Number of protein chains: 2
Amino acid sequence: MKRLTRHRKVIKEIIYKYRDHPTAEEIYLRARMEIPSINLSTVYRNLKEMVASGDLIEFQVDGENKYRYDIAEEHYHFYCEVCGKIYDIPASKVKLSFDFEHHVKDTRIMFRGICSECAAQMEVEDESL
Amino acid sequence: MKRLTRHRKVIKEIIYKYRDHPTAEEIYLRARMEIPSINLSTVYRNLKEMVASGDLIEFQVDGENKYRYDIAEEHYHFYCEVCGKIYDIPASKVKLSFDFEHHVKDTRIMFRGICSECAAQMEVEDESL
DNA sequence: TTAATTGCAAACCCTTTGCTTCATC
DNA sequence: GATGAAGCAAAGGGTTTGCAATTAA
């Protein structure tokens with residue numbers, strides 16, 4: 001039977017509270033502030049379990065080769081190629097329809113480009129030349 | 001200066017000809033049939049280079065933790081959770097619009113679900129019970 | 001000739017696993 | 001006290017890198 005441990009609670013809270021798509025390593029570092037003795041493999045094990053139970057999703061930014069975690073709630077992502085930040089894009093901001101035979105259960109979208117902050121920053125830099 | 005080696009040519013041909021989203025390992029195994037002495041790291045090095053030059057794209061199926069390669073031409077993917085096959089979805093089959101501030105340069109979509117072949121297979125199995 | 005590319009082996013990074021110890025139920 | 005979970009350390013898988021040997025230009 002599944003037990004409610006402090007570790008599990010802390011890991012889940014980190015992901016639900018920050019919502020900044022942390023890697024396992026980042027979750028581990030944050031968790032250590034709460035539970036200094038926590039181990040990386042405990043973090044991995046719990047994440048895998050929460051993904052399996054449908055509490056979290058695990059995704060990758062193409063080219064990064066490591067997992068990032070987020071809550072399991074329909075939304076999409078925007079990855080800024082300049083600052084590396086990943087923004088949440090609510091499903092309501094995206095209109096999507098498709099026409100093919102396969103049965104779709106889940107749609108993952110990763111927009112890539114330049115976020116508005118970086119774009120603004122680049123304009124300022126251009127002007128100051 | 002970039003040189004046109006047999007290795008490079010063979011690797012590129014494998015991706016363009018089969019179009020089945022191979023991993024580096026799979027590309028390596030196929031390339032070995034043409035060039036038995038070819039090395040895995042040569043494959044990786046060339047793939048990285050072709051991704052950097054924009055000839056190929058490198059993407060990951062969430063949960064797989066390894067790269068797959070495909071030609072750099074706008075289209076999307078459907079991943080079958082039953083057979084693991086990855087189908088190409090032409091951009092023309094998908095209508096997409098979005099409403100947010102960031103500047104999008106590239107959109108990656110991975111549909112996940114059950115492909116029509118597996119769905120048909122499952123129906124047959126149901127009937128035979 | 002000479003600089004880019006290869007092969008090889010070792011290193012790397014991220015993730016998973018086996019096993020003992022710990023702690024929740 | 002059972003048994004699921006944690007800690008630790010080692011292994012695993014995929015990818016990258018340093019360097020000497022090779023080869024296209």
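Owing to the predicted nature of the structure, the values given are computational and were not obtained by experimental measurement. Chain A is the first sequence line, chain B the second, and so forth, proteins listed ahead of strands; every chain is numbered from 1.
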Legend entry - Short side-chain N/O contact to C/dG7 OP1/OP2 from B/H7, under 4.0 Å: yes

Legend entry - Side-chain (A/R8) to main-chain (A/R3) donor-acceptor, under 3.5 angstrom: yes

Inset, instruction - Grab the OH-C1' distance between B/Y28 and C/dT6 for me, whole Å please. - result: 13 Å

Legend entry - Pairwise distance SG(B/C115) to NE2(A/H103) - rounded to 0.5 angstrom: 11.5 Å

Legend entry - Contacts of B/E64 that satisfy side-chain hydrogen bond (donor to acceptor under 3.5 Å, both in side chains) - sequence neighbours left out: B/R68

Report all interatomic pairs (protein N or O, nucleotide N or O of nucleotides 22-24 of chain C) with separations under 3.5 Å.
unit_1 : atom_1 : unit_2 : atom_2 : d
C/dT24 : O2     : A/R3   : NE     : 3.3
C/dT24 : O2     : A/R3   : NH1    : 3.1
C/dT24 : O2     : A/R3   : NH2    : 2.9

Could you run down the sub-3.5 Å N/O contacts of the protein with nucleotides 12-16 of chain D?
unit_1 : atom_1 : unit_2 : atom_2 : d
D/dT15 : OP1    : B/Y67  : N      : 2.7
D/dT15 : OP2    : B/Y44  : OH     : 2.0
D/dT15 : O5'    : B/Y44  : OH     : 3.1
D/dT16 : OP1    : B/K48  : NZ     : 3.2

Legend entry - NZ/NE/NH1/NH2 to OD/OE distance under 4.0 Å, A/K9 and A/E13: yes

Inset, instruction - Whole angstrom is fine here: how far is it from CZ in A/R32 over to C1' in D/dG7? - result: 14 Å

Inset, instruction - Run through the side-chain heavy atoms of Ile, Leu, Val, Met, Phe, Trp and Tyr, join any pair under 4.5 Å, and report what else lands in A/F98's cluster. - result: A/Y76, A/F78, A/Y87, A/I89, A/V94, A/L96, A/F100, A/V104, A/I109, A/F111, B/Y76, B/F78, B/Y87, B/I89, B/V94, B/L96, B/F98, B/F100, B/V104, B/I109, B/F111

Legend entry - Results of side chain to side chain contact (heavy atoms under 4.5 Å, CB included) for B/E101 - residues two or more places apart only: A/S116

Inset, instruction - Return the value, rounded to whole Å, for the distance between atom CD1 of A/I11 and atom C1' of D/dG7. - result: 13 Å

Inset, instruction - Decide yes or no for A/K48 and A/E58: does some side-chain heavy atom of the first lie under 4.5 Å from some side-chain heavy atom of the second? - result: yes

Legend entry - Gap between atoms CZ and P, on A/F59 and C/dC14 respectively (whole Å): 16 Å

Legend entry - Whole-Å gap separating P (D/dT23) and NZ (B/K9): 17 Å

Inset, instruction - Give the rounded distance in Å between these two atoms: NZ of A/K12 and P of D/dA5. - result: 14 Å

Inset, instruction - Nearest whole angstrom, please: distance from the C1' of D/dG18 to the CG of B/N39. - result: 14 Å

Legend entry - Base C/dG7 to side chain B/R45, donor-acceptor N/O within 3.5 Å cut-off: yes

Legend entry - Other cluster members, A/L4 - Ile/Leu/Val/Met/Phe/Trp/Tyr, side-chain contacts below 4.5 Å: none

Inset, instruction - Report yes if the side chains of B/I38 and B/V43 come closer than 4.5 Å at any heavy-atom pair, otherwise no. - result: yes

